[in-house]
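Step one of this worksheet: look at the structure below.
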Amino acid sequence: MEQLIINESWKRCQQSGSSPTDAALDLRLTGKELHDLLERNEPLLKHLRPVFEQIQRTVHDREYLAAVVNAEGFILSRAGGIRIRQIDERLEVGTNWSEENKGTNAMGVVLHERKSALIHGDHHFYEENHVLTCAASPLYDADGVFCGAVNISTTKENYHPLLLSWTKAVADSVHSKMTAEKLKQERPVMLESPPGKNNPENLYTFQNIAGSCENITAVKKLAKRAALTDYPVIIYGESGTGKELLAQSIHSGGDRAERIFVPLNCSALPESLIESELFGYEKGAFTGASQRGKAGKFEAADGGTIFLDEVGDLSLKAQSALLRVLQEKTITRIGGYKQISVNVRILSATNKNLRTEIAAGRFREDLYYRLKGIYLTMPPLRNRSDICEIAEFLLKKMESNSRILSEEAKAKLMHYSWPGNIRELESVLMQGSFLSEGKRIEAEAIQFEEEYEIKRSPVLSLEEAESETIRHALEAVDGNISKAAERLHVGRNTLYSKLKKYDISY
Ligand SMILES: Nc1ncnc2c1ncn2[C@@H]1O[C@H](COP(=O)(O)OP(=O)(O)OP(=O)(O)O)[C@@H](O)[C@H]1O
């Protein structure tokens with residue numbers, strides 16, 4: 001069936017007079033045309049954004065690129081990326097991936113057939129796309145009208161058996177969000193929030209933060225105290241450790257709990273939209289601006305909390321714009337003249353070492369000090385002794401009739417390194433639950449992603465291995481030199497000289 005669809009698509013490309021060795025057509029919209037296209041598609045994009053933000057975090061540093069095209073084949077939004085620059089650029093927002101332009105490809109085939117499609121390597125018509133594997137699924141709006149396709153591309157060596165299911169899940173999720181909004185508009189009174197509450201009542205609180213090991217209880221204790229102040233807080237931690245959950249709990253545990261919590265994913269903020277996102281704009285401020293004008297994130301968060309996620313990824317231009325609001329505590333909408341004062345609590349999070357970013361000239365020191373009133377660090381999962389407790393909590397959250405883990409399954413969870421932290425634990429448990437027929441999840445059902453990945457373990461030089469080991473030891477004890485030296489079975493002075501030798505900051 002799949003092969004038949006591909007053959008038909010190839011036939012159409014050949015009939016149009018193209019040859020696989022030709023360069024594919026590069027039709028792309030820019031400037032006002034692109035702006036208008038995105039504006040017209042805002043009802044879809046607003047539901048897509050949180051899903052793509054999630055993908056952006058999940059595929060961080062991996063070779064996956066998600067894109068959504070409209071029914072004409074123009075890319076409306078993307079997340080993630082592919083390291084081969086020429087390929088990545090071909091998948092920019094505004095480029096057209098219909099079959100007429102790019103030959104046989106997953107998005108083009110879905111637009112034609114309205115069925116999911118997986119196009120691997122040389123099944124693409126044009127040779128320039130043979131390095132890719134792409135999967136795509138149709139996207140329908142709340143009225144069931146076909147409105148485009150969700151695509152995930154990666155290099156062909158990176159092919160993953162779940163690629164196609166992933167695109168289907170994303171398309172379903174966006175469709176459900178659009179349907180839910182339509183229902184809400186039809187029944188506004190029933191679904192409206194209680195009076196006086198600006199927020200959806202589903203923000204996390206400290207009670208929702210599972211786990212009782214020493215590492216997490218210490219952070220929770222500090223965070224509860226931080227919640228009672230109005231100081232800015234910066235939360236450090238690897239991706240998936242629960243930084244956003246902690247930020248929401250700090251908001252929910254403080255005086256602003258009844259007010260709005262506005263999250264802003266700084267890594268997903270395009271350079272050209274920074275000022276309008278932060279400050280908003282007046283009607284007619286620029287070509288393509290909405291007729292009604294729009295409040296920016298700071299104005300929207302007035303009285304409440306703004307959460308700057310992935311703050312270390314802000315461009316320097318965005319950093320100076322942000323610094324201005326933090327210093328002046330007022331904003332002026334683009335195209336406006338009125339200064340609007342804003343009273344906002346700032347919480348931020350990052351998985352980068354901001355000191356290193358400052359030293360490298362990528363982060364402003366003055367902004368750093370504005371953000372860092374109190375700082376907290378979420379421990380990585382591999383340094384927590386309560387992995388099984390969290391797993392049981394997550395299983396309960398997933399299913400009302402929750403499954404239990406066998407002792408062997410628990411041991412397997414305890415001995416894994418968890419590069420993706422709690423987010424990865426959630427997905428491992430989902431798969432484990434899915435594979436288990438009975439009530440108990442056995443060890444065989446606990447499968448780690450690494451088993452699916454091509455193993456590329458580089459051989460390290462002795463010096464590289466030594467410096468890696470020192471870094472890990474320091475990380476495990478939160479930078480405490482005496483404890484790290486103890487773990488490494490060396491004296492403190494030896495450790496200091498190695499830190500100097502390898503230029504390791506602690
Ligand atoms: N202690 C916890 N108890 C229950 N669920 C948790 C806990 N910590 C994290 N999670 C879950 O793990 C996932 C990742 O959490 P979250 O998005 O807060 O991480 P993050 O550190 O902000 O990640 P990123 O840096 O990628 O944005 C979420 O689904 C969250 O519900």
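Atoms within each ligand, like the ligands themselves, are counted from 1 in listed order. Residue indices begin at 1 and follow the sequence shown. Computed from a prediction, not measured in an experiment: that's the story for all the values here.
A side-chain N or O of Arg403 and one of Ser433 form a donor-acceptor pair less than 3.5 Å apart. Side chains of Asn480 and Arg487: a donor-acceptor N/O pair is absent below 3.5 angstrom, by distance only. Inspection of the Glu389 and Ser212 side chains reveals an N or O donor paired with an N or O acceptor under 3.5 Å. Side-chain N/O atoms of Asn421 and Glu238 include a donor and acceptor closer than 3.5 Å. In this structure, a donor-acceptor pair under 3.5 Å is present between the side chains of Tyr502 and Glu466. Residues Tyr416 and Glu424 have side chains that bring a donor and an acceptor to within less than 3.5 angstrom of each other.
Evaluated by nearest non-hydrogen atom to atom 30 (C) of ligand 1, the leading choice among Thr350, Leu245, Leu246 is Leu245. Closest heavy-atom approach to atom 26 (O) of ligand 1 among the candidates Ala349, Gly420, Ser239: Ser239.
Among protein heavy atoms, the minimum distance from atom 22 (O) of ligand 1 is reached at Glu244 N, 3.0 Å. Looking at atom 23 (O) of ligand 1, its nearest protein heavy atom turns out to be Gly240 N, 2.9 Å. Regarding atom 15 (O) of ligand 1, its nearest protein heavy-atom neighbour is Gly242 CA, 3.6 Å. Summary of contacts: the protein heavy atom closest to atom 14 (C) of ligand 1 is Arg423 NH2, 3.7 Å. For atom 8 (N) of ligand 1, the closest non-hydrogen atom of the protein is Ile422 CD1, 3.2 Å. In this structure, atom 13 (C) of ligand 1 lies nearest to the protein heavy atom Glu426 OE1, 3.6 Å. The protein atom (non-hydrogen) at minimum distance from atom 25 (O) of ligand 1 is Lys243 NZ, 2.6 Å. At the shortest separation from atom 3 (N) of ligand 1 among protein heavy atoms lies Ala210 N, 3.0 Å.
Listed by number with element, the atoms of ligand 1 under 4.0 angstrom from any heavy atom of Tyr204 are 31 (O).
The main-chain N or O of Asn158 is found under 3.5 Å from a side-chain atom of Tyr64 such that the two form a donor-acceptor pair. Under a 3.5 Å cut-off, the side chain of His175 and the backbone N or O of Ala171 do not form any donor-acceptor pair.
At least one heavy atom of Leu394 sits less than 4.0 Å from an atom of ligand 1. Heavy atoms of Glu238 come nearer than 4.0 angstrom to ligand 1 in at least one pair.
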